[in-house]
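Residues take their numbers from the sequence shown, with the count starting at 1. The figures that follow rest on heavy atoms only: side chains count, while hydrogens, waters and symmetry mates do not.
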Amino acid sequence: MGADIHAYILKQFDKNDHPDSIYYLLKHMGFSWITSRSKQSQQTQDNLKLKRSLRSLDI
């Protein structure tokens, strides 16, 4: 994502700063870096379903 922003700034403004400075710039502009959670594996989802089933049976 930072590389995309860096490329945009280079293309639009012809300004070539170090890519690490993009995060500094965004932070000082009031933006925050938010990432999504990773998707659970199928095995983890299956284990959760099994645990729920066992709880409903009071085992």
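- Other residues, nucleotides and ligands contribute only 12 or fewer heavy atoms inside 6.0 Å of the CG atom of Asp14.
- Distance NZ/Lys49 to OG1/Thr44: 12.0 Å, rounded to 0.5 Å.
- Applying the ring-ring contact (aromatic ring centres under 6.0 Å, His included) test to His28 and every residue at least two apart in sequence or in another chain returns Tyr24.
- Taking Asp17 as the reference, nothing meets the side chain to side chain donor-acceptor pair (under 3.5 Å) condition, with sequence neighbours excluded.
- When side chains are defined from C-beta on, Leu25 does not count as touching Ile5, because their heavy atoms never get closer than 4.5 Å.
- One finds the NZ atom of Lys11 at 14.5 Å from the NE2 atom of His6 (value rounded to the nearest 0.5 Å).
- From Tyr23, atom OH reaches atom NE2 of His18 across 11.0 Å, with rounding to the nearest 0.5 Å.
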